[in-house]
K.L.:
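Pasting a structure here, questions to come.
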Number of protein chains: 4
Amino acid sequence: MAHTAAKTPVRPQPRAKGQETAARVRSAALRRFATSGYAAVSMREIAADVGVRPGALYNHFPTKQDILKDLMLTHMAELLAAWDKASVEEKMDPLERFVRFHIRYHLERADEVFISYMELRNLEPQNFELVEVERRRYEAILTKILERGSELGRYAVDDAKVATRAIIAMLTGIPAWYREGGHLSEKDIEDLYLKLVRKAVAPGQDTSQRETG
Amino acid sequence: MAHTAAKTPVRPQPRAKGQETAARVRSAALRRFATSGYAAVSMREIAADVGVRPGALYNHFPTKQDILKDLMLTHMAELLAAWDKASVEEKMDPLERFVRFHIRYHLERADEVFISYMELRNLEPQNFELVEVERRRYEAILTKILERGSELGRYAVDDAKVATRAIIAMLTGIPAWYREGGHLSEKDIEDLYLKLVRKAVAPGQDTSQRETG
Amino acid sequence: MAHTAAKTPVRPQPRAKGQETAARVRSAALRRFATSGYAAVSMREIAADVGVRPGALYNHFPTKQDILKDLMLTHMAELLAAWDKASVEEKMDPLERFVRFHIRYHLERADEVFISYMELRNLEPQNFELVEVERRRYEAILTKILERGSELGRYAVDDAKVATRAIIAMLTGIPAWYREGGHLSEKDIEDLYLKLVRKAVAPGQDTSQRETG
Amino acid sequence: MAHTAAKTPVRPQPRAKGQETAARVRSAALRRFATSGYAAVSMREIAADVGVRPGALYNHFPTKQDILKDLMLTHMAELLAAWDKASVEEKMDPLERFVRFHIRYHLERADEVFISYMELRNLEPQNFELVEVERRRYEAILTKILERGSELGRYAVDDAKVATRAIIAMLTGIPAWYREGGHLSEKDIEDLYLKLVRKAVAPGQDTSQRETG
DNA sequence: TATGAATGAGCCTTCATTCAT
DNA sequence: TATGAATGAAGGCTCATTCAT
């Protein structure tokens, strides 16, 4: 009602207690969204997990959508920051570094990763754009690695962008089935996938058409 | 007729008109689930798409969950049937046949494929099991191809199951970004991915560790 | 969610039972809005009055706002229709006819009248416009009576529009304090106000300024 | 000072800053109540207008209801005080004095006046009584003017109380439509209404029944 | 088979108010 | 005096589903 002025929300300056609650909201929402999907999770459930009444959530996030947006943007920011760190620290060839980093990070942060590509469609267009920018930034890392490696003759890829998507899809699929404590360690997974990737982009071996028939 | 005993009266005998409505329900639900996700789609929306009131949907499917289950089981059955046909008709080496088949089918039936792995978690456990059986059956096809090829020395894979998942994840990721009319034709995609897959499983080229440093 | 197609509501074709429920919703809402004001009345209260669950209200009115709009437009339509009938039937001079009609109608339909000018600001702008058009139409009736009477020398008003508003405000204020069974009958009220109005617009007696001091 | 007993500690001693905040709360609430209605205005909106957090309002007014009560009682007190002053200062016959005063005051304090008769029903019964007493006191002024004038033969009213209500309703309706800068000045309005009122209560002209037919 | 109408549960969000800081 | 954080109740509305017609 009241066809009057727009209310300017003006988020309050957070105190220690509030920051902790916000963190617990994030954590509860992450878990629930990953398990049941954004649309199937209610603010009531999140509040119950946090140990707070539903209304209190709105002291920390203006809407449910903002929780999702926060989780996804935070995830992308942390992913990129982690890569920045890894790409400096680890001494390997860039492709190996990327593959190992990606697998490790995606197994450690399975929930974040999962919602980050499962819940894209539940982002309002504006928020979707924000996340997409970061996602493209991440993919560009691998594309550049493949392009540079190709120039140096180390790799041979016909289309670096297609190869990027192929590799990332391949690696990102891991947490969907990998379970700790199975007969494959995380190290095994890294090694197996690294080998597949390396061979896929290796030069000097055009196998196409030859084996047909 | 009037004297036949023991009719199964639970669902009415499907007649022409009902059959068609049911088909339109499936089609509308498929589109909506793929676009917005199972949880975010209401029976009212589906009914509106079909041109019918919500209550009428219950003449064709007992619950919303049953629509999802129907879509996913039908999809898996058709996928496997299509493979049976393709594996007989097409004259290529099995890996190429599988890769080309998978890409083609997944681009043709993008919605079915999409919900089939996005909505798994929205299946009730019982229905989930039914679908999982089919999914494993499909994966087993590629695993067997890789195993037989390995025995024959054509391919070299350290773990055929891991390779299966890697390859399927890679291929299944295509519809997420591929758009008809872009600079790559469907044939281009098939060729590019086929090459990546072939090299990934090619024998005689252990690239590991060598390029490091 | 679901950033997709617009849902076209398509109101159902009403059946007898539904029409009765809708009528009871209107009646309950009328009573409550008049007593407590639109903003202070909840759909739950209306539903309880009607003897139905809140959700059922939405089978008959798309929103709470639509109930208000319906009540106000219906009221204006009925008011104008009643005037059309009265202006044909009753044999009096036009001003008397209007005054007696207005008082009688406004005492009979106290609730409708009351919300019709108390809840104007709770109408969304679009609905407000619809109601305003009718309101102006009603006022025009009195304005025209005063103008014609002035031309004939029966009345003397300096500004027929201002006089219209003055008279209508005066008459409309009656239900705010008049209570049946007090020492004044409805007929008394009619006569008293008619006399005040007649004198106010009577010609041949310019009292201005003379009595000052 | 430090030793004075029996402080009334309920509300803190109003200091400069607090005084000013309270004034701004009154002013914001007045504006909002007039625009949207008491029930449709939230404490959060008022707080935002004032530039303060909702909780801070409770340092100045114990409840939202108290703000309304404060506004209405203050208004009535100021109205009566203004009349006391006007009735001494202005040299005119009492009826003209009252009419001009009422119109002027009601146009100057449109918001106060508006909520004072629109929000009566949102007053809790106890507060309603307090305001009603003042309102009756104000009406009594006009009633007395009419009665005295009648005794002196200056006016002829059949029922001074009814005439009071009729006149006040008529005058009070002005701010609902009058807009500054239109083709009528405030002075024009005063003159037009004064004339209408004078004629309505003028003696020696019984127009009833004569014009009929 | 389809419909209008209803249910009962639940949804996201807002509210007036409280209170430790 | 003001604030950030919380409460408990309630708000309008939507949902999957049922069922007499």
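In this text the structure is predicted, and so the values were computed from the model without any measurement.
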K.L.:
Can you tell whether the side chains of D:Asp49 and D:Arg31 come within less than 4.0 Å, N to carboxylate O?
P.N.:
no

K.L.:
Tell me whether D:Lys64 at atom NZ has more than 12 heavy atoms from other residues, nucleotides or ligands lying less than 6.0 Å away.
P.N.:
yes

K.L.:
For D:Glu78, enumerate each residue passing the side chain to side chain donor-acceptor pair (under 3.5 Å) test, keeping only those at least two apart in sequence or located in another chain.
P.N.:
D:Arg109

K.L.:
Below 4.0 angstrom from OP1 or OP2 of E:dG4, is there any side-chain N or O of C:His60?
P.N.:
no

K.L.:
Taking OP1 and OP2 of E:dA2, is either one under 4.0 Å from a side-chain nitrogen or oxygen of B:Arg53?
P.N.:
no

K.L.:
Can you tell me which stems involve DNA chain F, if a stem is defined as three or more consecutive Watson-Crick or G-U wobble pairs, both distances under 3.5 Å?
P.N.:
E:2-21 with F:2-21

K.L.:
Does A:Lys64 put a side-chain nitrogen or oxygen below 4.0 Å from OP1 or OP2 of E:dC12?
P.N.:
yes

K.L.:
Looking at D:Thr21, does any N or O in its side chain come under 4.0 Å of the phosphate oxygens OP1/OP2 on F:dA2?
P.N.:
yes

K.L.:
Among the nucleotides F:dC13, E:dT14, E:dT17, which one has an atom lying closest to any side-chain atom of D:Thr63?
P.N.:
E:dT17

K.L.:
Does B:Ser42 have a side-chain nitrogen or oxygen under 4.0 Å from the phosphate oxygens OP1 or OP2 of F:dT14?
P.N.:
no

K.L.:
Would you list the protein and nucleotides 19-21 of chain F atom pairs, both N or O, that sit under 3.5 Å from each other?
P.N.:
none

K.L.:
With the side chain of B:Arg44 defined as its heavy atoms from C-beta on, choose the nearest nucleotide among F:dA2, F:dC13, E:dA6.
P.N.:
E:dA6

